[in-house]
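Okay, so here's the structure we're looking at.
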Number of protein chains: 4
Amino acid sequence: MRVTDPPAPELSVEGRNMRRASNDEEKGKRRDEILSAAKTVFARSGFHSTTMADVAKEAGLSYGTVYWYFDSKEALFHALMDSEEMALRAHIGQSVIDNALANNDPEVALSAIKHAIRATLEFFENDRQAARLLFRDSLSLGDKFEQHLFGIYERFIGDIEVAIVAAQQTGRIRQGPPKMIAFSVAALIGQVALRRLVTDDELSSVVVADFIVDLLLNGLMPR
Amino acid sequence: MRVTDPPAPELSVEGRNMRRASNDEEKGKRRDEILSAAKTVFARSGFHSTTMADVAKEAGLSYGTVYWYFDSKEALFHALMDSEEMALRAHIGQSVIDNALANNDPEVALSAIKHAIRATLEFFENDRQAARLLFRDSLSLGDKFEQHLFGIYERFIGDIEVAIVAAQQTGRIRQGPPKMIAFSVAALIGQVALRRLVTDDELSSVVVADFIVDLLLNGLMPR
Amino acid sequence: MRVTDPPAPELSVEGRNMRRASNDEEKGKRRDEILSAAKTVFARSGFHSTTMADVAKEAGLSYGTVYWYFDSKEALFHALMDSEEMALRAHIGQSVIDNALANNDPEVALSAIKHAIRATLEFFENDRQAARLLFRDSLSLGDKFEQHLFGIYERFIGDIEVAIVAAQQTGRIRQGPPKMIAFSVAALIGQVALRRLVTDDELSSVVVADFIVDLLLNGLMPR
Amino acid sequence: MRVTDPPAPELSVEGRNMRRASNDEEKGKRRDEILSAAKTVFARSGFHSTTMADVAKEAGLSYGTVYWYFDSKEALFHALMDSEEMALRAHIGQSVIDNALANNDPEVALSAIKHAIRATLEFFENDRQAARLLFRDSLSLGDKFEQHLFGIYERFIGDIEVAIVAAQQTGRIRQGPPKMIAFSVAALIGQVALRRLVTDDELSSVVVADFIVDLLLNGLMPR
DNA sequence: AATGAATGAGGATTCATTCAT
DNA sequence: AATGAATGAATCCTCATTCAT
């Protein structure tokens, strides 16, 4: 699945109404503004400590307007999670593709894994708000959000799994349950990204990514 | 304290004045009962969705009583985190020591790592509530709890680090930044424990633990 | 604002959405309605025995609405004190000026004192709720309110002091510390107003005021 | 009425019980300790902000013990008001009598008034806690306490009235309604005492008392 | 589309009082 | 007499959501 596809627009009731001065493009723009404001305030204070008034204020809109674009606070957060997942996958996908094209690497599969790791850490490094939203807030919101988050996780792991299987087929990676391997890779990346939120590691994300890649490929045993 | 012990059965039909704690021992017992009840309901619904009335009801007490033992909902949760950390460390410590003694292993350091991983997964396998509390709810409660959780994490990683250093000194593990290695180990364990909360993996925790140990030691590259 | 005006009658059977304040004028009006309702219930039962629900009910509003206009119960009471002070000062000021103009009195200073006393007693006679609020409840609310009340007191005494000094300069009043004299005058007025809350003196406030004026001017000694 | 009479002991149920090791004297002592502690904490924080736990702690007693001596928080406060009234009247009575005996003053009536004023201010000067209790807290507690306070006030005024009448009969004070005069005297004293709670007047209570006496006797008019 | 006043359910916390010990 | 654990009614305040304008 390619998440870079545009999401199905949430035409609820107004979809069938007359064409007005402000078109869909305008509407999407306003929606994105709210989403952006929501990201800022949710990342700052967490889901429960953030009020819809905070969101509205940050967006420079009035109180009830947010409800014109989103049905509820929860719906807003789900939309935010979708948005972040898309951004993440766009970033990784682009990175992997760029790399494959640039290097014309015959060992694309292994290379893809390396670059996915680097790109993921890079993404969360550049957008710490995204890391907070996905790794911290999403976990605290009850079952519905947990399901959503694990959906994201599944898709993320699924993509890695594809690369793992490919790498195994070319013999670049030893045999083993690809799902579990993929999960392990994702786990390491996620935890590292989360940890970097709260500690001030002096190491750059490139160094950390390379360490993880090395660890995963070569293990801890002395060679 | 053994957290894996089944909770004290809830005496439901006692007269309301029969439950009076009278001495220090009784008092500590009552406190533990509340802690146990809190663990159950917090793990079930999460911190924010759980009310103090829920805690009291689960404990079979009036909810003013909970405030006799804990100053606030937050204080109760902090106490719960402390309690879980102690239980976890007791479980791991015991497990490592038991293993060292039982096997009289000259390669204690490496063995300790393996067994710590197994013991940790075992602990969370046996006490899924603990996993929910530590890996999910703790992250949603603002800075104070985040600090507390990362304190627990630091201590956990610190213990692993000791074992890593020891294993490096005996040449059983290749050189490299022990802190980062320890963190990677902890990250894998934590994510695995968390994941097992929501998926019904058919694999036992022993199998998973062994996979992780193998992955960490040997890496993904073909040998 | 005239506090002696009868409160706006409570429209009781309006639909709940009819009471929506729409513009600034309406908004100030709604605020005043809440203030008026608060005055009634606080004067009836005292600060601590009055709940915000009582205020809302008296105002015919839902009690979340009170919080739309006032940040807290304390803020509401402070606003009430401000409002009463303004009303009192408006009443006295008007009275003094009216008198000076009407009589074209060359001994304005002495006359002003007499009339300030009369006007103050008159004010509290007409608005016993105000007397309860200022003299009774304000004292029971801790330091912040005590400070507020004494601020009001200081300003009240300050005004009297000005008149005292003027009367001393024209020789109509003997020398002596004007602040202390002013305070004594204020003390007598305040206590008289307070006392009239609980006893049913048959005497009119005019008679009482004249007695006080006479007492203050001539003292108790036989002439 | 002489309030220096001992209060009727509050023998509720235990009065008829067997004579135990601790006698009535002991019991009264403990009761007084609680009263003293209550005075301290009520004066410090006010009635509503003080809990029975505060009282118990200040008295060095356990939580429920206070209830063995007083039926309720309100009963405790009423007892405190009684106690303070007795102390005040004892102080004034003693002072007046001492003065009359010492000076063998033929103008005892006028002298008594002067000395009552001085003694009262002195009392509240020496015991600011008493002033806070009577002038501040008593007013904020609803009708029952208001009635109690005005009873104290009535008795206080009544005593002054007696002296006023006597002074009028000996011609030392001009004619006029003695009750109203007495009230005015009491009002001035009370307000002065209250004011001295919150301002740091540099003047001693003797100077203030003399000013009030002079003001009352001679008035403000130039002689 | 946008506004913001109004609603009211919900929840943490306090504290006077009771009562078994 | 004294203790202090237990109770639960009471209350302030928050905030998601609605809806007239």
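This structure is a prediction, so every number in the text was calculated from the model and none was measured. Per chain, numbering begins at 1; letters A, B, ... match sequence-line order.
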* To do: State whether the number of non-hydrogen atoms from other residues, nucleotides or ligands found under 6.0 Å of C:Asp71 atom CG is greater than 12.
  =>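 Counting other residues, nucleotides and ligands, CG of C:Asp71 stays at 12 neighbours or fewer.
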
Rounded distance (Å) that lies between atom [atom2] of [N] and atom [atom1] of [X]:
| X | N | atom1 | atom2 | answer |
| --- | --- | --- | --- | --- |
| D:Phe70 | F:dA1 | CZ | C1' | 15 Å |
| B:Phe47 | E:dA12 | CZ | P | 8 Å |
| B:Leu61 | E:dT13 | CG | C1' | 17 Å |
| C:Met52 | F:dA10 | CE | P | 19 Å |
| D:Phe77 | E:dA16 | CZ | P | 14 Å |
| C:His48 | E:dA16 | NE2 | P | 12 Å |
| D:Trp68 | F:dG4 | CH2 | P | 18 Å |
| B:Ile34 | F:dA5 | CD1 | P | 11 Å |

* To do: Could you check whether B:Ser49 gets within reach of a base, just the sugar-phosphate, or nothing at all, counting any heavy atom under 4.0 Å?
  =>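 B:Ser49: no heavy atom of the nucleic acid under 4.0 Å.
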
* To do: Using a 4.0 Å heavy-atom cut-off across all strands, classify C:Thr51 as base, sugar-phosphate, or nothing.
  =>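 Here C:Thr51 touches the backbone only, sparing every base.
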
* Check every atom of F:dA5, E:dA2, F:dC12 against the side chain of C:Lys73 and return the nucleotide holding the closest atom. =>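 Within the option list, the nearest is F:dC12.
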
* Among F:dA2, F:dT17, F:dC13, the nucleotide that comes nearest once only the side chain of A:Tyr67 is considered ->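 Of all the options, the side chain of A:Tyr67 is nearest to F:dT17.
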
* Asked: Any side-chain N or O of D:Ser62 under 4.0 Å from OP1/OP2 of F:dG4?
  ->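 The answer is yes; a side-chain N or O of D:Ser62 sits under 4.0 Å from OP1 or OP2.
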
* To do: May I ask you to verify if any side-chain N or O of B:Thr65 is less than 4.0 angstrom from the OP1 or OP2 atom of F:dT7?
  =>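 So the side-chain polar atoms of B:Thr65 do come within 4.0 Å of the phosphate oxygens OP1 or OP2 of F:dT7, strictly under.
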
* Using 30° and 60° as the class limits, which term best fits the ring planes of B:Phe47 and B:Phe145: parallel, tilted or perpendicular? ->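 Judged by the thresholds at 30° and 60°, the geometry between B:Phe47 and B:Phe145 is tilted.
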
* Asked: Under the 3.5 angstrom rule, does the side chain of D:Lys73 hit a backbone N or O of D:Thr50 as a donor-acceptor pair?
  ->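 Yes, because the side chain of D:Lys73 sits within donor-acceptor range (under 3.5 Å) of the backbone of D:Thr50.
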
* Is the side chain of A:Ser138 donor-acceptor paired with the backbone N or O of A:Leu149 at a distance under 3.5 Å, no angle test? ->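 Judged by distance alone, no pair lies under 3.5 Å.
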
* Does any N or O donor sit under 3.5 Å from an N or O acceptor when you compare the side chain of B:Tyr63 with the base of F:dA10? ->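 Yes, the side chain and the base share a sub-3.5 Å donor-acceptor pair.
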
* **Reported NZ-to-CG distance for the pair A:Lys39 and A:Asp32, which is rounded to 0.5 angstrom** =>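 Those atoms lie 11.5 Å apart.
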
* Distance between P atoms of E:dA1 and F:dT21 (Å, rounded) ->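 Straight-line distance between the two P atoms is 22 Å.
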
* To do: Counting Watson-Crick and G-U wobble pairs only, both distances under 3.5 Å, name the nucleotide matched with E:dA1, or none.
  =>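 Per the H-bond distance test, none.
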
